[in-house]
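Here's the structure we're looking at; comments come further down.
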Amino acid sequence: MKFGGTSVQDTAHIKRAADKVAAEVQRGNEVAVVVSAMSGETNKLIALCKEISPNPNPQEIDAVVASGEQVTAGLLALALQERDIDARSWLGWQAGVKTSESHSKARIEDIDAAPMRERLSLKQVAVLAGFQGVTKNGRITTLGRGGSDTTAVALAAALHADRCDIYTDVDGIYTTDPRIVPGAQKIAKISYEEMLELASLGAKVLQVRSVEMGYKHNMALQVLSSFNDAIGSDFPGTQVVREDDIMEQQLVTGIAHTEDEAKVTLFNVPDIPGVAAKVFGPIAAANINVDMIVQNVSGDGNATDMTFTVPESELARAVDVLKQEDDLKDADIRTEKDVAKVSVVGIGMRSHAGVAQQMFKALADKDINIKAIATSEIKISVLIARDSSEPAVRALHDAYGLHKQ
Ligand code: ADP
Ligand code: ASP
Ligand code: MG
């Protein structure tokens, strides 16, 4: 059972979470719980680091921000003990959550679950602090924003759990963010492939890594609400399942958007073999993710222009890297920040034409200009002006008939 930030936002919510854990224990289940920090806490802790240092050391940021989850793990264990349930808190390092050394976005490499498993078999509930781990050198790491989801799935896999239930502030995965489109519909079952796309395209309900890990380990994953009375054993939420387990494959299952996007255009790059490699090689070496790429046909056969997107948070670094390339010294580099990416996802697209056309038409009808397009087998993404992103999500949700009946 994993409880996110809003689900442990204060002691009243922590007590409600404890009630849900108690209900599962009463059903005869062995339970391990993963908790996030109280909502807002991680942001507060990051801000404290920045008050002290404009460019804080990543190892110390992790030492500071990991403390948020330590607090809620201890508090939830206390709440369980108040209900006469044997329980204890575990920090990442105590539970053997070993990670890589990339601070603030570390990857879980291994969890030594034997000690926890032994306590679980004695009917003790384990409450693990999410989002944190430890390197082989004993330094504390964190897993990137939303990382407690990944802790939960990784722990479930390491314990060979029957199920991993992600409790949050919505009662499942919806056709799009229900805060943007109130008429969005709850999805009963979604495939790992679709959820992987939605998560990586901006639906923050599950961290991408957690979906990847669930897919790899074939973990029965469910997203459900911590605010109503239902518990996971009754399957009230959205289940993430193998594609074969979905009877009716939707053309479009969901819509996601992200505003952490920026566009880079290089005008006047030589139109010769090897140029794309010269542009994108150094960017990849700097560990910057490039997403949409558009290369124009050159008018005179000598020079062309090339457009691509990077996360806005990486834009400055991407431009620095390009400016250092000798072969690009004549290129005119221009950037645009006020952009957003809106994507439609669905496994039914594999076997149906026309999904893209429907998207372009719906956007055209709203006078929304498309700046770049990217596709995969099961998604279409467009880059548009940032202030059109929410209207675009609404228009597409309408166009594909995803509203509640
Ligand atoms: P937690 O703190 O529990 O981890 P998050 O805030 O990280 O919760 O994720 C839950 C939020 O994800 C919801 O409140 C909702 O606004 C947002 N969200 C975005 N896309 C979707 C979607 N397709 N379905 C459900 N929720 C979504
Ligand atoms: N507390 C961390 C965050 O705010 C991790 C999480 O909530 O999953 O990103
Ligand atoms: Mg989250």
Side-chain angles (χ1 to χ4, degrees), residues 146 149 153 164-166 168 170-216 218-225 235-258 291-292 340-363 373-382 384 389-405:
D149 295 332
V153 178
C164 179
D165 291 344
I166 307 282
T168 182
V170 284
D171 62 354
I173 298 163
Y174 278 70
T175 45
T176 192
D177 189 338
R179 288 177 212 290
I180 293 176
V181 181
Q185 263 186 91
K186 184 170 143 188
I187 302 168
K189 284 185 180 178
I190 188 166
S191 70
Y192 279 105
E193 291 89 334
E194 288 167 317
M195 193 57 228
L196 209 51
E197 290 278 15
L198 287 172
S200 70
L201 296 167
K204 71 164 186 171
V205 59
L206 287 175
Q207 198 199 33
V208 183
R209 282 282 296 143
S210 73
V211 188
E212 269 171 22
M213 207 172 286
Y215 193 15
K216 185 169 143 208
N218 207 6
M219 176 54 59
L221 194 60
Q222 177 178 210
V223 174
L224 69 168
S225 169
F235 296 99
T238 297
Q239 289 169 256
V240 187
V241 298
R242 296 260 145 196
E243 198 178 312
D244 316 337
D245 296 333
I246 294 179
M247 304 287 278
E248 211 182 320
Q249 301 196 340
Q250 301 295 325
L251 220 51
V252 169
T253 303
I255 299 172
H257 80 291
T258 165
D291 182 28
M292 307 167 124
K341 181 170 61 183
V342 177
S343 311
V344 302
V345 173
I347 43 183
M349 271 182 222
R350 287 204 183 111
S351 48
H352 284 83
V355 179
Q357 171 52 21
Q358 222 175 331
M359 180 177 200
F360 304 152
K361 168 107 185 20
L363 295 173
I373 302 169
T375 64
S376 80
E377 222 188 352
I378 64 163
K379 73 119 198 270
I380 305 159
S381 301
V382 294
I384 60 175
S389 82
E390 293 192 8
V393 170
R394 288 190 202 100
L396 293 170
H397 199 264
D398 263 347
Y400 291 108
L402 297 177
H403 281 281
K404 263 190 269 214
Q405 296 304 311

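In this text the structure is predicted, and so the values were computed from the model without any measurement.
- Counting only heavy atoms from C-beta outward, the side chains of L363 and V342 never approach each other to under 4.5 Å.
- Every residue two or more places apart in sequence or in another chain was checked for a side-chain contact (heavy atoms from CB on, under 4.5 Å) with D244, and none qualifies.
- Here the side chains of I380 and M349 are in contact, with some heavy-atom distance below 4.5 Å.
- With a 4.5 Å cut-off on side-chain heavy atoms, F360 and V382 count as touching.
- Of the charged side-chain nitrogens involved, at least one lies within less than 4.0 Å of a carboxylate oxygen, so that E390 and R394 count as a salt-bridged pair.
- Under the side-chain hydrogen bond (donor to acceptor under 3.5 Å, both in side chains) criterion, the residue pairs touching residues 352-363 are K361-D365, with sequence neighbours excluded.
- A distance of 12.0 Å separates CE in M219 from OG in S210, rounded to the nearest 0.5 Å.
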When you look at T238 and M195, which way does the side-chain contact (heavy atoms from CB on, under 4.5 Å) test go after all the steps?
CA-CA 11 Å; T238 297; M195 193 57 228; over 6 Å; no
Steps toward side-chain contact (heavy atoms from CB on, under 4.5 Å) verdict (Y192, L221):
CA-CA 9 Å; Y192 279 105; L221 194 60; 4.1 Å; yes
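- Smallest separation of non-hydrogen atoms from I347 and I378: CA-CG2, 3.8 Å.
- For the residue pair A256 and A203, the shortest heavy atom distance occurs at CB-N, 4.1 Å.
- Here the CD1-NZ distance, from I173 to K189, works out to 13.0 Å after rounding to the nearest 0.5 Å.
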Steps toward side-chain contact (heavy atoms from CB on, under 4.5 Å) verdict (M292, I373):
CA-CA 7 Å; M292 307 167 124; I373 302 169; 5.7 Å; no
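- Counting only residues at least two apart or in different chains, side-chain hydrogen bond (donor to acceptor under 3.5 Å, both in side chains) contacts with residues 176-187 comprise D169-R179.
- In terms of heavy-atom proximity, P178 sits nearest to A184 at CA-CB, 4.2 Å.
- Residues passing the side-chain contact (heavy atoms from CB on, under 4.5 Å) test with Q250, sequence neighbours excluded: E248, T253.
- Interatomic distance, R242 CZ to E193 CD, rounded to the nearest 0.5 Å: 7.0 Å.
- In this structure, CE on M213 lies 11.0 Å from SG on C164, to the nearest 0.5 angstrom.
- Contact check for V240 versus E194: no side-chain heavy atoms found under the 4.5 Å cut-off.
- Here the CG atom belonging to L251 is positioned 12.5 Å from the CZ atom belonging to R350, to the nearest 0.5 angstrom.
- Here the NZ-CG distance, from K204 to L198, works out to 15.5 Å after rounding to the nearest 0.5 Å.
- Scored by the side-chain contact (heavy atoms from CB on, under 4.5 Å) test, S343 finds L201, K341, S381 as partners (sequence neighbours excluded).
- For T175, the side-chain hydrogen bond (donor to acceptor under 3.5 Å, both in side chains) partners at least two apart in sequence or on another chain are H397.
- Taking each heavy atom of I246 and S191 in turn, the nearest pair found is CD1-N, 3.3 Å.
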Kindly indicate, with the supporting measurements, whether the criterion side-chain contact (heavy atoms from CB on, under 4.5 Å) is fulfilled by V241 and I190.
CA-CA 6 Å; V241 298; I190 188 166; over 6 Å; no
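- Across P182 and K404, no two heavy atoms sit closer than the pair O-NZ, 4.0 Å.
- For the residue pair D149 and Q207, the shortest heavy atom distance occurs at OD2-N, 3.0 Å.
- A donor-acceptor contact shorter than 3.5 Å is absent between the side chain of Y400 and the backbone of G254.
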